[in-house]
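Given the structure is predicted, the values throughout are model-derived calculations rather than measurements.
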Amino acid sequence: MKTKVLSVGGSIIAPNEPDVAFLSDFCKMVTDYLVSNSETRLILVAGGGGPARAYQNAYKNVALTFTENQKNAASYADEAAVNYACDWIGIMATRLNAQLLKTIFGSLCQQEVVTDPTKVSDFTGRILIAAGWKPGFSTDNDAVLLAERFKADTVVNLSNIEKVYTDDPRKNPNAKPLDTISWADFRKMVGDEWVPGKNCPFDPIASRKAQELQLTVICAGGKNIPNVRAILDGGEYIGTTIKDIS
């Protein structure tokens, strides 16, 4: 049985609240794909999206106010402690989104949501749903670890952007979209450090691990359902392929 891994960004599951139209279309596409490909199973790793950022920002605003009023509250003033707390808040948002996906796919997903990719042994249905594990990285890294565990050579990273750009196109009008980029060049762009809520095409920690494993990562717009199906089918697609280029 061949396994394919999709990191489904929270920005498309729940940009502010669950996107019912997208979830309906995505569910139908995935179900149709599995019917047509009886020897393939899918791992879907859910991100946190808008709810994660909303709760993280709420915490930081409260923490800042508390610190200003209680000057000796060192734990609230410590950046590492704040990041740790924000990571856990984000993880809980991913688990809520993952539980939503599990419920939507019904009998296709027979196991509980995976919250530790290092402890899952196998899955019995056609779909395995995973969520955030622990602080220090995003669910992109969980997707990479699951790809390693189930010997998948590619992770499809679905978000609200169609391609990776040479720079942030919202800040730099000269930024250009990329069809292919090497891991070395991509990692120069995203750096090596993870910050909760960091907005980048693929998590820096996950990128380092993916490069070590010589994985291919395809970054594509998740709301373009026909394009996602083309990726799953091995056809031509719109997106950016990150891999070692010889």
Side-chain angles (χ1 to χ4, degrees), residues 3-12 43-49 52-53 56 79-91 93-95 98 114-120 128 130-168 175 177-222 231 239-246:
T3 304
K4 297 188 177 183
V5 181
L6 280 70
S7 181
V8 188
S11 61
I12 55 176
I43 298 175
L44 308 178
V45 186
R53 288 180 173 81
Q56 287 167 340
E79 184 178 357
V82 170
N83 284 342
Y84 184 82
C86 284
D87 255 339
W88 271 117
I89 290 169
I91 287 166
T94 72
R95 294 181 181 182
V114 173
T115 55
D116 183 344
T118 67
K119 290 186 177 178
V120 58
L128 186 68
W133 174 22
K134 63 181 182 178
F137 43 76
S138 77
T139 50
D140 291 341
N141 195 59
D142 300 319
V144 169
L145 294 174
L146 287 166
E148 179 184 24
R149 166 64 187 83
F150 292 105
K151 297 179 172 52
D153 59 8
T154 300
V155 172
V156 182
N157 186 49
L158 303 176
S159 69
N160 58 357
I161 61 169
E162 284 197 335
K163 290 188 177 185
V164 174
Y165 281 72
T166 54
D167 197 3
D168 188 340
L178 300 167
D179 292 326
T180 305
I181 185 172
S182 69
W183 276 118
D185 288 340
F186 181 79
R187 291 186 59 202
K188 287 178 185 176
M189 290 171 54
V190 300
D192 294 317
E193 295 185 1
W194 165 250
V195 177
K198 182 171 183 173
N199 189 11
C200 61
F202 203 68
D203 167 359
I205 309 304
S207 297
R208 183 173 64 221
K209 183 66 174 178
Q211 184 181 26
E212 290 174 4
L213 296 173
Q214 297 185 314
L215 287 179
T216 295
V217 169
I218 297 171
C219 294
I231 294 172
T240 299
T241 303
I242 311 169
K243 62 180 181 180
D244 283 327
I245 301 172
S246 57

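- Partners of Phe186 under the ring pair (Phe, Tyr, Trp, His ring centres under 6.0 Å) rule, at least two apart in sequence or in another chain, are Trp183.
- In this structure Thr118 satisfies the side chain to side chain donor-acceptor pair (under 3.5 Å) test together with Asp116, sequence neighbours excluded.
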Residues 205-221 side chain polar contacts: donor-acceptor under 3.5 Å, at least two apart:
unit_1	atom_1	unit_2	atom_2	d
Ser207	OG	Asp203	O	2.9
Gln211	OE1	Arg187	NH1	2.7

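- Applying the side chain to side chain contact (heavy atoms under 4.5 Å, CB included) criterion to Val114, with sequence neighbours excluded, gives Val120, Leu128, Ala130.
- Taking the salt bridge (charged side-chain N to carboxylate O under 4.0 Å, His left out) definition, one finds that Lys163 meets it with Asp179, sequence neighbours left out.
- Every residue two or more places apart in sequence or in another chain that forms a side chain to side chain contact (heavy atoms under 4.5 Å, CB included) with Ala152 is listed here: Val5, Ala147.
- Evaluation of the side chain to side chain contact (heavy atoms under 4.5 Å, CB included) rule for Asp153 yields no partner, not counting sequence neighbours.
- Shown here are the side chain to side chain donor-acceptor pair (under 3.5 Å) partners of Asn160, two or more places apart in sequence or in another chain: there are none.
- In this structure Ala93 satisfies the side chain to side chain contact (heavy atoms under 4.5 Å, CB included) test together with Ala52, sequence neighbours excluded.
- With sequence neighbours left out, Ser182 forms a side chain to side chain donor-acceptor pair (under 3.5 Å) with Asp185.
- Screening residues 131-144 for salt bridge (Lys or Arg N to Asp or Glu O under 4.0 Å) gives no qualifying pairs among residues at least two apart or on separate chains.
- Partners of Phe150 according to the ring pair (Phe, Tyr, Trp, His ring centres under 6.0 Å) rule, which considers only residues two or more places apart in sequence or in another chain, are Phe123.
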